[in-house]
There are 2 protein chains.
Amino acid sequence: MRNLNSVSLSAIRVIEAIARTGSLVRAAEELGATPGALSQRLSKAEASLGQPLFVRLSTGLRPTESCARIVPRLTLALTELSASLTELKRSESTTLTVTVAPIFASRWLIWRIGRFNQKYPTISLRLLPTADVIDLDHSDVDVGIRFGRDSAAMDGAFKLIDQRVFPVCSPELSRSIQKPQDLFQFPIIRENDQLSGWEVWLAALGLGHPEMKAGPTYADGSLCLDAAMLGQGIFMAWQTLASDALERGQVVAPFPNRVLSGASYWFITNRWSVQKPAVRQFREWLGEEMACSLRYWETC
Amino acid sequence: MRNLNSVSLSAIRVIEAIARTGSLVRAAEELGATPGALSQRLSKAEASLGQPLFVRLSTGLRPTESCARIVPRLTLALTELSASLTELKRSESTTLTVTVAPIFASRWLIWRIGRFNQKYPTISLRLLPTADVIDLDHSDVDVGIRFGRDSAAMDGAFKLIDQRVFPVCSPELSRSIQKPQDLFQFPIIRENDQLSGWEVWLAALGLGHPEMKAGPTYADGSLCLDAAMLGQGIFMAWQTLASDALERGQVVAPFPNRVLSGASYWFITNRWSVQKPAVRQFREWLGEEMACSLRYWETC
DNA sequence: GTTTCGCATTTAGAAAATCTAAATGCGATC
DNA sequence: GATCGCATTTAGATTTTCTAAATGCGAAAC
């Protein structure tokens, strides 16, 4: 391996091309350079190898015996390198790695990926459900779907959907609920002891700060939604979380008001992946699916 | 193959080394460069491939999935290139191609090559008997043994031996020859209708321009010598031509005077081959063999 | 919790390599 | 004897690549 320090690899390519084509001019054409440039590279290689590699004929260049002996090996090795790069590009264009928050993945995305695979069978979509934000540019992840406040919008991010919040509960509970104030006869389910979303929702409905019953608290929204399904209380949910549970009737939203929370879902891209067609296709597909979910919520 | 235009081959080497060693610092050490240089080459490669090849960890660099997949192929290909270069160097050091005039080859050199092979069994000596002078620097020939006038001595040539001329004839004829004038009762054998050598020899012995009988003419000195052996006349020979025939008694030199012709044998070297040990060894061996022939001539 | 260490990366400027375009030279062919 | 095709040389421009030092960042050590 240390051998390769003695000759520039580009010179090896020149040698192989000249040997294969039998002429400087043809090799130059193949390599996209001028004959003069190749001639110089060749001379340098010969000098550093301490031996001539080609016999100069009036009709072109003929490899010397020892050069001819290794040319097939050079061709092989260079073909191998070339094929490797092709594979690199190919695999890159057909696999798409997406990092998403686990809750979004489990409550919304994974149920729809089947349709994506149907539409783009050549793209192999891989999910990387992680809670922490990755530096996409220095990873092999193409896309991130991140939730964040609109004010923190990052460079080159694409907004997928505004988050809207609304209370949900089990069908049983909802029977006792006619007006917003009725909600507060039930416990309020909390995510990490927080009551996120309630303030904006109440404000939008012109309600003050009613007294809210203590309720169970869970580490993430997904568990909170489960608790709501089981009738443990009222939970302030949002579209992508509750979408499928609503559709299946596992929970219901007693009021049609869906209030902008001021946060959104963002589609962010690895700097390298921006121009990958698969990225664009995934983004467009995501947009369509979200629009479809939205339409459903509006009709119910 | 056209693929390889997109990425510099040296970058491929960097990629392979980083992937194999797992660290920029170690790769830099192996490739004999600074980490900064490799970092730059890598960034450029990533840019032109349009994808990151390594995930940056605090402990070093980890290949991305698609990079890792091709690394074994890269290692293979680079190893192959390296091995090819090794073979190139190896074969170069053990085969020695020598271009010689056919007459010198057939009358002197080939009878001694056996001894050369014995002394240097690892060097495979190949003779290229050609009449025309080759431009060594642009051929795969390492050495030329050329005959020429001293005034035309070329650059970097090494004089092997001064040519000395002397008349020879068959043993039968020589019995009638006591003094130089006796030579001219026999036909004078010519090479290409020329009487080369006679003038200097006669001058050295203080003889004028005696009348010389017409004799057979042949295309080259080797055939002239054969004619002399067969008693067809007198031939003005020289050391390397007549050496073995004299030793075997096929011809005799009636007079001890060996006169400098003003020409010599030259040992010339392909510019690339000068530093090959085999070249030096062959030159030294040639010198010894010639000295040995000289000693024999002096004693007879 | 702070420091230190081992990395990779960035930067600016220097050095080296490589290239281009045109001239040159050399055989072979017409 | 002229012309064509090819490789080579040359000088100068251009691009690439490198070095050395500064920087930044995370993990381990203290």
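Not measured: the values here are computed from a predicted model. Lettering follows sequence order; numbering is per chain, from 1.
The salt bridge (charged side-chain N to carboxylate O under 4.0 Å, His left out) search around B:E87 returns A:R73, not counting sequence neighbours. By the side-chain hydrogen bond (donor to acceptor under 3.5 Å, both in side chains) test, A:S196 is found to be paired with no residue, residues two or more places apart in sequence or in another chain being considered. Among residues two or more places apart in sequence or in another chain, the salt bridge (charged side-chain N to carboxylate O under 4.0 Å, His left out) test is passed with B:K159 by B:D150, B:D162. Here A:R56 pairs with A:E46 under the side-chain hydrogen bond (donor to acceptor under 3.5 Å, both in side chains) rule; sequence neighbours left out. Legend: residues meeting salt bridge (charged side-chain N to carboxylate O under 4.0 Å, His left out) with A:R69, ordered by chain and number and at least two apart, are A:E65. In terms of the salt bridge (charged side-chain N to carboxylate O under 4.0 Å, His left out) criterion, B:E191 has no residue partners (sequence neighbours excluded).
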Side-chain donor-acceptor distances from residues 36-43 of chain B under 3.5 Å, at least two apart:
from: B:R41; atom 1: NH1; to: B:S10; atom 2: O; distance (Å): 3.3
from: B:R41; atom 1: NH1; to: B:S10; atom 2: OG; distance (Å): 3.2
from: B:S43; atom 1: OG; to: B:S39; atom 2: O; distance (Å): 2.8

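Close to D:dT8, at under 4.0 Å from its OP1 or OP2, lies a side-chain N or O of A:R56.
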Sort me out a list of protein N/O and nucleotides 16-19 of chain C N/O pairs below 3.5 Å, or just none if empty.
from: C:dA17; atom 1: O3'; to: A:K44; atom 2: NZ; distance (Å): 2.9
from: C:dC19; atom 1: OP1; to: A:R41; atom 2: NH2; distance (Å): 3.0
from: C:dC19; atom 1: OP2; to: A:R41; atom 2: NE; distance (Å): 3.0
from: C:dC19; atom 1: N4; to: A:Q40; atom 2: OE1; distance (Å): 3.2

Look for any protein N or O under 3.5 Å of an N or O in nucleotides 22-30 of chain D and output each such pair with its distance, or none.
none

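Between A:F104 and A:Y265, the ring center distance clears the sub-6.0 Å criterion.
In this structure, CG of A:L24 is placed 13 Å from C1' of D:dT9, rounded to the nearest angstrom.
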